[in-house]
Amino acid sequence: MKEMLMSLLNFRRKEAPAFELPTPEVAAFLQDYSIEVMPRTAEKVEDFRDLLPEGTRVYIAHIDGTPIEDMVATAARLNADGYKVMPHFPARIIKDRATLENWIAMYQGEADVKQGLLLAGGVTTPHGDFSDSMQLMDTGLFDKHGFERLHIAGHPEGNRDIDTDGTRLRVDDALRWKQGFSERTDAKMAIATQFAFEAQPIIEWAESLKHAGIDLPIHIGIAGPAKLQTLIKFAIACGVGPSLKVLQKRAMDVTKLLWPYEPTDVITELAAHKAANPDFNITHVHFFPLGGIKTNANWAIENGGPAAQPANSV
């Protein structure tokens, strides 16, 4: 990792921004965006209604070691503020079926949760009976408890934790299984992806899913504005691959590491593609606020047009 980080710090002079925002295409693309928080980052926000549009979908990331009580309390707060709450259900940290059903009961009883992101989770060794999101779906508990929406994880640049050989064979097989599940469940389903920094590979990946018969809508993961050092750290930790090279174009030299990254280029290119191809299967933007929730929300406010304005400003 150290060698990779050092190679990324071999910066050249910063290039002039390729795009000027806001544009109507970008505003349309950002409509109904979602954002991810954790209990500890949510605590730093005094009032979400000063930052997020009414009804924004807010994912709550469940990191191993976070008490379920903290997750539920965060969900209850966001629900009370008028937001659609989508907590993570990481299979590998859920001990058994009874634990899963208890989590669901707590979320529904205290925060009226009807949506969830189902994923394997960031730990290598399962804590109990579950090792992947398909096993969570197979319990039937989400249908039993009337979940209206289930999202699953997507990886535009592959996932080396699953496909150790660098291919996408096992990941794509899992998506095909989940496509079949989407036809059996009453819940609406979509793919929420890991973040990436380059538009063309994202477009090619999305098109490849369509050609493989996977027609689930894609909510594309985008890293929000952040210091370059912060972004590189998260990108390496999360396994972001080829598009990391884009970060090299974001700095003037090693003395300018505090220059912030903003997702202007990738969002503008994706928005233009969506405008030219309305049936493009990327339907929403999902932000990872790596530089802070307020920083990310303010960027969306500045570039997302009327639909991105916070609830308290309307």
Side-chain angles (χ1 to χ4, degrees), residues 33-38 57-64 66 71 84-94 100 103 113 115-127 130-139 141-142 147 149-164 166-182 185 187-197 201-202 205-206 208-210 212-224 234-241 243 281-290:
Y33 75 83
S34 59
I35 196 165
E36 187 160 298
V37 304
M38 294 180 285
R57 178 173 292 112
V58 182
Y59 294 63
I60 308 177
H62 196 150
I63 307 302
D64 188 23
T66 304
M71 294 288 297
K84 303 171 186 174
V85 184
M86 180 172 273
H88 287 196
F89 287 86
R92 293 174 188 165
I93 70 170
I94 300 173
L100 175 59
W103 284 19
V113 168
Q115 308 183 37
L117 172 64
L118 280 52
L119 68 170
V123 300
T124 303
T125 303
H127 292 189
F130 304 117
S131 60
D132 59 55
S133 61
M134 293 178 285
Q135 293 170 332
L136 297 181
M137 295 178 203
D138 258 346
T139 65
L141 291 173
F142 295 97
F147 270 59
R149 178 171 284 275
L150 297 174
H151 287 187
I152 56 175
H155 304 275
E157 298 185 331
N159 185 339
R160 284 191 172 272
D161 287 341
I162 298 173
D163 286 302
T164 56
T167 67
R168 289 184 2 210
L169 296 178
R170 295 180 66 186
V171 168
D172 287 355
D173 281 346
L175 282 177
R176 278 187 281 270
W177 187 96
K178 294 167 188 176
Q179 171 73 36
F181 181 85
S182 74
T185 180
K188 295 180 181 178
M189 290 186 64
I191 300 170
T193 81
Q194 180 58 276
F195 58 87
F197 303 103
I202 291 172
W205 171 77
S208 75
L209 293 189
K210 187 185 296 185
I214 299 167
D215 62 6
L216 296 172
I218 297 170
H219 295 216
I220 190 66
I222 297 292
F234 277 106
I236 293 173
C238 294
V240 174
S243 68
N281 50 349
I282 291 181
T283 60
H284 292 76
V285 170
H286 173 57
F287 281 115
F288 293 85
L290 303 182

- Query: Taking only residues two or more places apart in sequence, or in another chain, which ones meet Lys178 in a side chain to side chain contact (heavy atoms under 4.5 Å, CB included)?
  - Reply: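 Counting only residues at least two positions away or on another chain, Lys178 forms a side chain to side chain contact (heavy atoms under 4.5 Å, CB included) with Ser133, Met134, Met137, Ile152, Ala174.
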
- Contacts of Ser182 that satisfy side chain to side chain contact (heavy atoms under 4.5 Å, CB included) - sequence neighbours left out: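 Listed in chain order: Gln179, Met189, Leu216.
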
- Item | Lys188, NZ atom: more than 12 neighbouring heavy atoms under 6.0 Å |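 No, not enclosed.
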
Shortest non-hydrogen contact between [X] and [Y], atoms and distance:
X      : Y      : value
Glu36  : Ala61  : OE2-CB, 3.7 Å
Pro87  : Val113 : CD-CG1, 3.6 Å
Leu150 : Ala187 : CG-CB, 4.0 Å
His88  : Leu119 : CB-CD2, 4.0 Å
Phe195 : Ala223 : CB-N, 3.7 Å
Ser131 : Ala120 : O-CB, 3.8 Å

- Query: For Thr185 and Phe147, what are the C-alpha separation, side-chain angles and deciding distance, and is it a side-chain contact (heavy atoms from CB on, under 4.5 Å)?
  - Reply: CA-CA 10 Å; Thr185 180; Phe147 270 59; over 6 Å; no

Taking side chain as C-beta onward, heavy atoms only, is [X] less than 4.5 Å from [Y]?
X      : Y      : value
Pro90  : Val123 : no
Val58  : Val85  : no
Leu100 : Phe142 : yes

To the nearest 0.5 Å, tell me how far [X] [atom1] sits from [Y] [atom2].
X      : Y      : atom1 : atom2 : value
Gln115 : Arg149 : CD    : CZ    : 6.5 Å
Ile218 : Asp215 : CD1   : CG    : 10.0 Å
Ile202 : Phe197 : CD1   : CZ    : 9.5 Å
Met71  : Met38  : CE    : CE    : 10.5 Å
Ile35  : Tyr59  : CD1   : OH    : 12.0 Å

- Task: Mind running ring pair (Phe, Tyr, Trp, His ring centres under 6.0 Å) on His284 and His219 for me, showing each step along the way?
- Result: CA-CA 5 Å; His284 292 76; His219 295 216; 4.3 Å; yes

- Measure from the side-chain N and O atoms of Arg57 to the backbone N and O of Ser34, and report whether any donor-acceptor pair falls under 3.5 Å.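 Flag not set: sc Arg57 to bb Ser34 has no pair under 3.5 Å.
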
- Any donor-acceptor pair under 3.5 Å from Asp173 side chain to Arg176 backbone: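 Judged by distance alone, no pair lies under 3.5 Å.
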
- Tell me, with the steps shown, if Leu209 and Ile191 meet side-chain contact (heavy atoms from CB on, under 4.5 Å). CA-CA 11 Å; Leu209 293 189; Ile191 300 170; 4.0 Å; yes

- Message: His151 vs His286, test: side-chain contact (heavy atoms from CB on, under 4.5 Å). Steps then yes/no.
- Response: CA-CA 12 Å; His151 287 187; His286 173 57; over 6 Å; no

- Query: How far apart are the C-alpha atoms of Trp205 and Ile282, what are their side-chain angles, what is the distance that settles it, and do they pass the side-chain contact (heavy atoms from CB on, under 4.5 Å) test?
  - Reply: CA-CA 10 Å; Trp205 171 77; Ile282 291 181; 5.7 Å; no

- Message: Checking Phe287 now: which residues fulfil ring pair (Phe, Tyr, Trp, His ring centres under 6.0 Å) with it, not counting sequence neighbours?
- Response: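 Counting only residues at least two positions away or on another chain, Phe287 forms a ring pair (Phe, Tyr, Trp, His ring centres under 6.0 Å) with Tyr33.
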
